[in-house]
Amino acid sequence: MAIQKPGIPKGTRDFSPEEMVKRNYIFDTIKSVFRKYGYQEIQTPSMENLDTLTGKYGDEGDKLIFKILNSGDFLAKVSPEKLEAANSKSITSEISEKALRYDLTVPFARYVVMHQNDIALPFKRFQVQPVWRADRPQKGRYREFYQCDADVVGSDSLLNEAEFVLIYQEALSNLGLKDFIIKINNRKILSGIAEIIGKPELIIDMTVAIDKLDKIGMDGVVKELLEKGFGESDIEKLKPIIELDGSNAEKIEKLKSVLIKSETGLKGIAELETLFNYIEQLKTPNSKLQLELDITLARGLNYYTGAIFEVKSNEVAMGSIGGGGRYDDLTGMFGLKDLTGVGISFGADRIYDVLEELGLFPTTTNETTRVLISNFDEKAEAFALPILSQLRQNGIAAELYPQAAKLKKQLSYADSKRIPYVILIGSEEMESGLLSLKNMQTGEQQKLTLANIVNHLV
RNA sequence: GUGGUUGUAGCUCAGUUGGUUAGAGCACUAGAUUGUGGUUCUAGGGGUCGUGGGUUCGAGCCCCAUCAUCCACCCCA
């Protein structure tokens with residue numbers, strides 16, 4: 001067999017020891033905040049049944065699901081007519097019954113329905129696992145990436161929404177981000193706007209178009225709205241709403257008058273007011289919470305029914321680093337009615353890229369070996385083994401250089417692995433029982449008993 | 001799915017109007033220093049120039065195809 005150049009699939013990455021230290025720092029920070037707010041961790045399988053996932057993310061989303069080919073002779077069951085027709089879509093369901101999870105929310109909904117008799121409502125869970133999307137990769141976009149989700153089902157209180165805002169604020173602040181904005185909108189307000197214009201059936205097209213405002217400008221939005229079937233008069237009504245500005249309170253007042261005839265719209269506004277009120281009372285005093293009511297915030301997922309969240313860093317040009325919202329009907333698709341849920345997600349990989357770009361990773365990461373014992377020959381090695389054991393019994397991360405080698409090489413090894421201390425054991429040390437402890441940072445070296453070394457390193 | 005970018009050593013990249021034996025830095029190995037790393041100096045190993053075809057006396061360079069890559073759009077974390 002010919003030697004082949006190794007490679008990994010497009011949009012996937014290896015993570016080095018150094019990168020893992022940084023990634024775990026992000027995961028641990030986010031997880032501890034989740035726990036602090038009463039969320040418990042679960043995990044679900046990497047793959048779900050294909051029909052669990054299809055139809056939940058819209059047509060665009062379905063295309064991005066990674067399907068898993070059935071094992072064995074997967075074409076045997078497909079009828080000759082279908083093979084002849086060569087219609088990929090109709091054959092897919094026959095040759096693939098599993099798929100890699102696309103997000104953590106739908107598997108969570110599936111979990112809740114399957115375990116509904118075992119979980120106490122309201123159920124607050126968090127989940128940190130990779131998801132896969134068959135996207136074209138680009139900056140900040142990968143085919144395999146981690147999401148950190150927290151969701152609660154079985155509670156329609158807006159207190160949950162308020163706490164999610166605080167979780168965003170606390171977790172991202174803890175990670176060292178100083179300037180980020182949490183955008184909030186409400187699907188009911190969007191519905192209300194579509195109602196007022198008289199095109200409630202076009203709400204999706206409307207929200208997708210106005211979502212692009214800051215990217216393509218008002219002219220672009222108008223152009224797209226016209227293409228989607230809105231009339232000139234509709235757009236005239238829409239314009240002032242889209243261009244809404246001022247403080248959050250001012251925006252709410254203006255929206256109230258615009259949406260006066262829409263029951264749904266007014267309900268959305270009432271929800272926002274309650275939410276802002278909760279946040280005001282819950283937030284840490286003096287915290288620089290940047291919260292913005294953004295009426296153009298839509299987000300693609302069609303299952304949001306209430307609040308919609310999105311978080312963006314103002315310091316780095318990057319897509320959103322988090323998002324979420326309320327979905328009233330999610331478990332309904334799996335036969336469990338009237339269960340409301342709300343959740344948020346952190347995009348760990350994008351947060352990594354942002355922290356890297358801003359140089360915000362802490363330098364004092366202490367996840368390497370604490371002390372290396374040198375190895376000159378068989379005799380010294382034998383002498384070192386009980387010492388190695390003692391160090392480890394005292395909870396000190398220690399390693400013995402696994403074979404005799406030149407000291408230069410062993411010190412280089414310690415240096416490249418950033419091991420802070422090296423114990424040198426030669427004939428002199430073996431005779432006296434005093435071991436040479438070298439501090440790799442200062443270069444200083446002193447002779448100590450093992451007990452002293454342990455005290456020094458603990 | 002659409003448009004563009006770039007493919008040369010393990011990594012980051014030079015390589016002139018097409019011309020002899022394709023270079024540098026970093027990394028690696030060895031030595032200067034037989035028990036002292038990070039700085040320095042010296043030497044060394046390492047290349048199907050993404051792949052296939054074409055033009056030419058001659059191609060890393062020009063042409064075609066193909067694959068990969070990154071970026072942007074769509075959409076999204």
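Residue numbers start from 1 in every chain, and the chains themselves are labelled A, B, ... in the order their sequence lines are given, proteins ahead of strands.
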For [N] and [M], measure between their [atom1] atoms and round to the nearest Å.
| N | M | atom1 | result |
| --- | --- | --- | --- |
| B:G50 | B:C13 | P | 15 Å |
| B:U16 | B:U33 | C1' | 44 Å |
| B:G1 | B:G18 | P | 37 Å |
| B:C62 | B:C49 | P | 16 Å |
| B:U51 | B:C57 | P | 25 Å |
| B:G54 | B:A59 | P | 12 Å |
| B:A14 | B:G60 | C1' | 12 Å |
| B:A68 | B:C76 | C1' | 24 Å |

Quick check on [X]: does its [atom1] atom have over 12 non-hydrogen neighbours (other residues, nucleotides or ligands) under 6.0 Å away?
| X | atom1 | value |
| --- | --- | --- |
| A:Q138 | CD | yes |
| A:M47 | CE | no |
| A:R418 | CZ | no |
| A:M114 | CE | no |

From the set [options], return the single nucleotide nearest to any side-chain atom of [X].
| X | options | value |
| --- | --- | --- |
| A:R141 | B:U29, B:C74, B:G37 | B:C74 |
| A:K408 | B:A32, B:C75, B:C71 | B:A32 |
| A:D415 | B:C71, B:U69, B:G38 | B:G38 |
| A:R133 | B:U36, B:A72, B:A77 | B:A77 |
| A:D135 | B:C75, B:G37, B:U36 | B:C75 |

Would you please classify the geometry between the A:Y39 ring and the A:F34 ring as parallel, tilted or perpendicular, with 30° and 60° separating the classes?
tilted
Measure the acute angle between the ring planes of A:F309 and A:Y168, then classify it against the limits of 30° and 60° as parallel, tilted or perpendicular.
perpendicular
Using Watson-Crick or G-U wobble pairs with both distances under 3.5 Å, give me RNA chain B in dot-bracket, 5' to 3', with [ ] for crossers and | for pairs to another strand.
((((.((..((((.....[...)))).(((((.......))))).....(((((..]....))))))).))))....
Assign [X] to base, sugar-phosphate, or nothing according to its heavy-atom contacts below 4.0 angstrom with the strands shown.
| X | answer |
| --- | --- |
| A:G426 | base |
| A:Q410 | nothing |
| A:S427 | base |
| A:Y142 | base |
| A:I321 | sugar-phosphate |
| A:G61 | nothing |
| A:S412 | sugar-phosphate |
| A:E429 | base |
| A:K212 | sugar-phosphate |
| A:I351 | nothing |

Indicate yes or no: does A:E144 engage A:R133 in a salt bridge with an N to O separation below 4.0 Å.
no
Rounding to an integer number of Å, can you tell me how far [X] [atom1] sits from [N] [atom2]?
| X | N | atom1 | atom2 | value |
| --- | --- | --- | --- | --- |
| A:R143 | B:C76 | CZ | C1' | 14 Å |
| A:L104 | B:C76 | CG | P | 17 Å |
| A:R418 | B:G38 | CZ | P | 15 Å |
| A:Y413 | B:U29 | OH | C1' | 18 Å |

Identify, between A:K409 and A:G443, the residue whose nearest nucleotide on RNA chain B lies closer to the 5' end.
A:K409
Suppose the criterion is side-chain hydrogen bond (donor to acceptor under 3.5 Å, both in side chains): which pairs have a residue in residues 447-458 of chain A, not counting sequence neighbours?
A:E428-A:K447, A:T449-A:N452
Any [X] side-chain N or O less than 4.0 Å from OP1/OP2 of [N]:
| X | N | answer |
| --- | --- | --- |
| A:K406 | B:G31 | yes |
| A:K215 | B:C73 | yes |
| A:Q147 | B:A77 | no |

Would you please determine if the base of B:A77 is stacked by A:F346, with stacking meaning a centroid separation under 5.5 angstrom and planes under 30 degrees?
no
Does the side chain of A:D156 pick up a donor-acceptor pair with the side chain of A:T340 at under 3.5 Å?
no
Within this structure, what is the CG-CZ distance for the pair A:L53 and A:F66, rounded to the nearest 0.5 Å?
13.0 Å
Please determine whether any donor N or O and acceptor N or O are separated by less than 3.5 Å between the side chain of A:R136 and the base of B:U69.
no
What I want to check is whether an N or O donor and acceptor connect the side chain of A:K438 with the base of B:U36 at under 3.5 Å.
yes
Under 4.0 Å, heavy atom to any atom of RNA chain B: which of residues 445-458 of chain A qualify?
A:Q445
Quick check: A:Y146 with A:F27 (ring centres under 6.0 Å apart)?
yes
Is the Lys NZ or Arg CZ of A:R110 less than 6.0 Å from the centre of A:F334's six-membered ring, within 45° of the axis?
no
